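Bear in mind the structure is a predicted one, so any value in this text is a computation, not a measurement.
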Amino acid sequence: MRILFLTHSFNSLTQRLFSELRARGHVVSIEFDISDSVAEEAVALFRPDLIVAPYLRRAIPDSIWSRNVCLIVHPGIPGDRGPSALDWAIQNGEREWGVTVLQANAEMDAGDIWASESFPMRRAKKSSIYRNEVTEAASRAVLAAVERFASGSFIPIPLATAAARGQLRPLMRQTDRRIDWSRDDTATVIAKLNAADGFPGVADQLFGVPCNLFDVHAEARRPDGMPGEIVARRDGALLRLTIDGALWIGHVRRVDHDGAVKLPPTIAFAAQAAGLTELAAPLMRDDGAQWSELTYREDGAVGYLAFEFYNGAMSTNQCRRLREAFAFARSRPTRVIVLEGGRDFWSNGIHLNTIEAADSPADESWANINAIDDFARDVIETDTQLTVAALCGNAGAGGAFLALAADQVWARAGVILNPHYKNMGNLYGSEYWTYQLPRRVGADHARRIMTNRLPLPAPQALREELIDASIDVAPAAFAEQVSTRAQALAQAPDFASRLDAKRARRAHDEAEKPLARYRQEELKHMRRNFYGFDPSYHVARYHFVAKSPNSWTPRHLALHRELGWRVAETA
Ligand code: COA
């Protein structure tokens, strides 16, 4: 079928559905929701069999839904309606939630139901529930709905007759989210912050300055102090006391001046945070009660290094800390090191927000790319263990290439990779991609990958030999699968010969062309991106971090806007 996506942006859920439907042979074209007339034009050009709205913030105009079947993906259980579905579900402590695919009609979220899926709720940030449970459920529900539509015989169920326990709820406002530090207990504060992550955050104050809070983590030990007081810092986060405990606030967006971006509070409030004690947590800790971005644990001959960086963005400091943690992992008497990344994202490359906020974004970009390259080099040069990049969450841009530094790359089948830099103002990219990519897939294919701007689902990445395994399990079961495989790798009878082969190959590659030269060549291009005459990267980064609304759909997504589309399609 020809399926048109009407969507606010090409976000992770949209990318996943796009990939799933294309893998099933459908022709999928995308139009961003810019205005009714642009959407109408897209429908007229593409003449879709079906319209799907994976992520829409406005209603579809009646000129479109009255003539085409339009399926809306709603992140709520049947009967749930309104723009803050997940926010209410999290804040109200729902134990089970779901995704409903319903047909657009005159009333928002009240159309006939084509499919629905449910899942147990996890105590986590809204963004994390969206990227995991909602994405998995939406993918199943949309595939079912599309099949039902294609069958021509399915009659969708009117909301009134569906056994729907959901209800219409209003937009959640900041007054609903407000934290009362003198009354709310830790669980309540965490639920409020989780319900507002990564957008819009909870409006509050730090050091008397109005700001929105994001990215909360519980802390088991409560230092002395008054509720609401800020008492320590760790990994860029601040420790704040509640009436019965304490929690870490990992990110804030100041609202006292225009253009502020979401940042670790020790950067957003550098002067005030400087006076706080840095409460370091040991890298290897077994009580699970202390939060920190970096965690290392061991199980027999396998070491696991997790780097839970918010949004997968890796700043200069984070890369340096990760490098130190990796050096520790390398020093251990293990055979395999698993680089776990974070649950939601493995890595999305250099940290565009901290770069944007720096006095010199060009200098900070340079420092950041060098810091991530240093870590990549350490991984590539590890000759005492085999390394595995285990991707439970997505990886994009430099983060996708960073994964290739490991000997093995295993991804959850639902993972979407975006192995390209071009979308960020034509960045050339580094992370030793010019060494890693051709080595894995050959020079021709490497060129194709670098010019492609589309998401690459893990199963396809495996077919293209970019990665070594695509593991078809739910996010919650991924770690166990990885552990089984990593243990097998560590205990394999040919472990020693594998390690020898790795050392020999590295020595051979180094003799042929030193790693330093790959880096030098890549960074020559990057220097031009950062300091050169063409400001494309700085402009693209600004729009990315400022979340500037789309004013057009990129050509590589809007097939129907390709010159000759109609000719090709009718030929
Ligand atoms: N630096 C800072 N923030 C980043 C980031 C990065 N490199 N990559 C993603 N983010 C943030 C987004 O701003 C967004 O923030 P929010 O919580 O305030 O909404 C959040 O991560 C999720 O990103 P989003 O784009 O909504 O996620 P997605 O899963 O839909 O898309 C990508 C993933 C990787 C395609 C997309 O985020 C992207 O293009 N990132 C930039 C990658 C890049 O160019 N890195 C620099 C070159 S190495």
Of all heavy-atom pairs between [X] and [Y], which one has the smallest distance, and what is that distance?
X      : Y      : value
Ala540 : Asn423 : CB-O, 4.4 Å
Leu13  : Ala138 : CD1-CB, 3.7 Å
Asn348 : Gly396 : OD1-N, 3.1 Å
Ile372 : Ile350 : CD1-N, 4.1 Å
Ala358 : Glu364 : CB-CB, 3.6 Å
Glu308 : Gly342 : OE2-CA, 3.5 Å

Between [atom1] on residue [X] and [atom2] on residue [Y], distance to nearest 0.5 Å:
X      : Y      : atom1 : atom2 : result
Leu193 : Asp184 : CG    : CG    : 10.0 Å
Leu391 : Glu340 : CG    : CD    : 11.0 Å
Ile51  : Gln103 : CD1   : CD    : 10.5 Å
Asp109 : Leu159 : CG    : CG    : 9.5 Å
Leu168 : Met108 : CG    : CE    : 10.5 Å

Let's go through Leu238 and Arg233 carefully: what are the C-alpha distance in whole Å and the side-chain angles of both, what is the deciding distance for side-chain contact (heavy atoms from CB on, under 4.5 Å) to 0.1 Å, and is it a yes or a no?
CA-CA 4 Å; Leu238 298 181; Arg233 48 187 281 169; 4.1 Å; yes
[X]/[Y] ion pair, N-O < 4.0 Å:
X      : Y      : result
Asp33  : Arg57  : no
Arg169 : Asp176 : no
Glu20  : Arg16  : yes
Asp87  : Arg177 : yes

Hey, does the side chain of [X] reach the backbone of [Y] with a donor-acceptor pair shorter than 3.5 angstrom?
X      : Y      : answer
His74  : Leu102 : no
Thr7   : Phe10  : no
Thr334 : Val302 : no
Glu117 : Val134 : no
Thr553 : Phe32  : yes
Ser483 : Ala479 : no
Lys192 : Arg178 : yes
Asp235 : Glu293 : yes
Asp256 : Cys211 : no

Residues that [X] engages under side chain to side chain donor-acceptor pair (under 3.5 Å), provided they are two or more places apart:
X      : answer
Asn394 : none
Trp552 : none
Arg122 : Ser128, Glu133

>> What verdict does the side-chain contact (heavy atoms from CB on, under 4.5 Å) test give for Asn11 and Tyr130, after you've listed the backbone C-alpha separation in whole Å, the side-chain angles of each residue and the deciding distance to 0.1 Å?
In response: CA-CA 11 Å; Asn11 72 346; Tyr130 185 81; 2.9 Å; yes
Side-chain touch [X]/[Y], heavy atoms, less than 4.5 angstrom:
X      : Y      : answer
Trp248 : Leu279 : yes
Leu6   : Cys70  : no
Val231 : Leu241 : yes
Cys319 : Asn368 : yes
Trp88  : Asp80  : no
Asn353 : His251 : no
Leu213 : Arg240 : yes
Arg234 : Leu239 : no

Review point. Can you pull the ring-ring contact (aromatic ring centres under 6.0 Å, His included) pairs that have at least one residue in residues 181-228, sequence neighbours excluded?
Key: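 Listed once each, the pairs are Phe207-Phe269, His217-Trp291.
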Taking [atom1] in [X] as the centre, count heavy atoms belonging to other residues, nucleotides or ligands within less than 6.0 Å. Is the count above 12?
X      : atom1 : answer
Asn92  : CG    : yes
Glu278 : CD    : yes
Arg123 : CZ    : no

Could I get the full list of side chain to side chain contact (heavy atoms under 4.5 Å, CB included) partners for [X], not counting sequence neighbours?
X      : result
Ala327 : none
Ile243 : Asp185, Pro227
Pro475 : Asn132, Glu136, Arg343, Cys392, Arg412

- [ ] Verify side-chain contact (heavy atoms from CB on, under 4.5 Å) between Ile416 and Asn418, making sure each step is shown before the conclusion.
- [x] CA-CA 7 Å; Ile416 300 284; Asn418 274 284; 4.0 Å; yes
Using the ring pair (Phe, Tyr, Trp, His ring centres under 6.0 Å) criterion, which residues pair with [X]? Sequence neighbours excluded.
X      : value
Phe119 : none
Tyr296 : Phe328
Phe375 : Phe326

Could you go step by step and tell me if Asn212 and Val255 meet the side-chain contact (heavy atoms from CB on, under 4.5 Å) rule? CA-CA 7 Å; Asn212 285 5; Val255 294; 4.1 Å; yes
task = Keeping to residues at least two apart or across chains, list the side-chain hydrogen bond (donor to acceptor under 3.5 Å, both in side chains) pairs with something in residues 260-276.
result =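 Sorted result for residues 260-276: Lys262-Tyr310.
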So which of Asp197, Asp215, Asn194, Asp344 actually passes side-chain hydrogen bond (donor to acceptor under 3.5 Å, both in side chains) with Lys125?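 Answer to the side-chain hydrogen bond (donor to acceptor under 3.5 Å, both in side chains) test with Lys125 among Asp197, Asp215, Asn194, Asp344: Asp215.
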ask   = Taking only residues two or more places apart in sequence or in another chain, which ones pass salt bridge (Lys or Arg N to Asp or Glu O under 4.0 Å) with Asp112?
value =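 None.
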query: Does the side chain of His543 pick up a donor-acceptor pair with the side chain of Ser548 at under 3.5 Å?
result: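 Per modelled atom types, His543 and Ser548 side chains form a pair under 3.5 Å.
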